[in-house]
Amino acid sequence: QVQLVESGGGLVQPGGSLRLSCTASGFTLDYYAIGWFRQAPGKEREGVACITSSGDSTYYTDSVQGRFTISRDNAKNTVYLQMNSLKPEDTAVYYCATNPRITAYNGSYKIHPVDNNWGQGTQVTVSS
């Protein structure tokens, strides 16, 4: 069964860091671009970062640019999201998904879900 599993969330103070992991069960991530998405209570799911299958290119939404870093280790079948300088507005459930679509406008990127193969997500709470 094809499944994505997110982990690494938790409670952190403003300014702190977390590293999220996205692993695959039942298939190999090597051939897929991977996106990280988040959904806060009462808000729509938004894409925050994307990495190509080769890892050569990465894309970020403006709100996380310079604070979040997406990376992948295909040998471990895992994609990571390093989150630094966390803010209360980063609080959300974070998900990963395959094959996101990227649109660009005036130098900003928007990351859209395509394959709705959502896992259970991992909760990130930024609070003092």
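The basis for the numbers below is simple: all heavy atoms, side chains too, and nothing from hydrogens, waters or symmetry mates.
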Between Ile111 and Thr61 the two heavy atoms that sit nearest each other are CD1-N, 4.3 Å
Point-to-point distance, once rounded to the nearest 0.5 Å, from CG of Asp115 to OG1 of Thr98
3.5 Å
Rounded to the nearest 0.5 Å, what's the gap from CZ on Phe37 to CZ on Arg45? Could you check?
8.5 Å
On a heavy-atom basis, the closest approach of Leu18 and Gly8 is CD2-O, 3.8 Å
Grab the two heavy atoms, one from Leu29 and one from Cys22, that are nearest each other, plus how far apart they are.
CD1-O, 3.9 Å
Could you name each residue pair satisfying salt bridge (charged side-chain N to carboxylate O under 4.0 Å, His left out) that touches residues 59-83, not counting sequence neighbours?
Arg67-Asp90
With Tyr109 via side-chain contact (heavy atoms from CB on, under 4.5 Å) - residues at least two apart:
Tyr59, Ile102, Ala104
So which pairs with a foot in residues 77-101 pass ring pair (Phe, Tyr, Trp, His ring centres under 6.0 Å), sequence neighbours left out?
Tyr95-Trp118
Which pairs with one or both residues in residues 28-37 pass side chain to side chain donor-acceptor pair (under 3.5 Å), sequence neighbours excluded?
none
About how many Å separate CG of Leu11 and OG of Ser128, when rounded to the nearest 0.5 Å?
9.5 Å
Looking at residues at least two apart in the chain, or sitting in another chain, which of them share a side-chain hydrogen bond (donor to acceptor under 3.5 Å, both in side chains) with Gln82?
Asn84
I'd like to check the side-chain hydrogen bond (donor to acceptor under 3.5 Å, both in side chains) partners of Ser71; sequence neighbours left out, ordered by chain and number.
none
Could you pull out the closest heavy-atom pair between Gln123 and Thr91, with the gap in Å?
NE2-CG2, 4.0 Å
Minimum-distance pair of heavy atoms, taken over all atoms of Thr122 and Gly9:
OG1-N, 2.9 Å
Considering non-hydrogen atoms only, spot the tightest contact between Ser85 and Ser17 and give its length.
N-OG, 4.4 Å
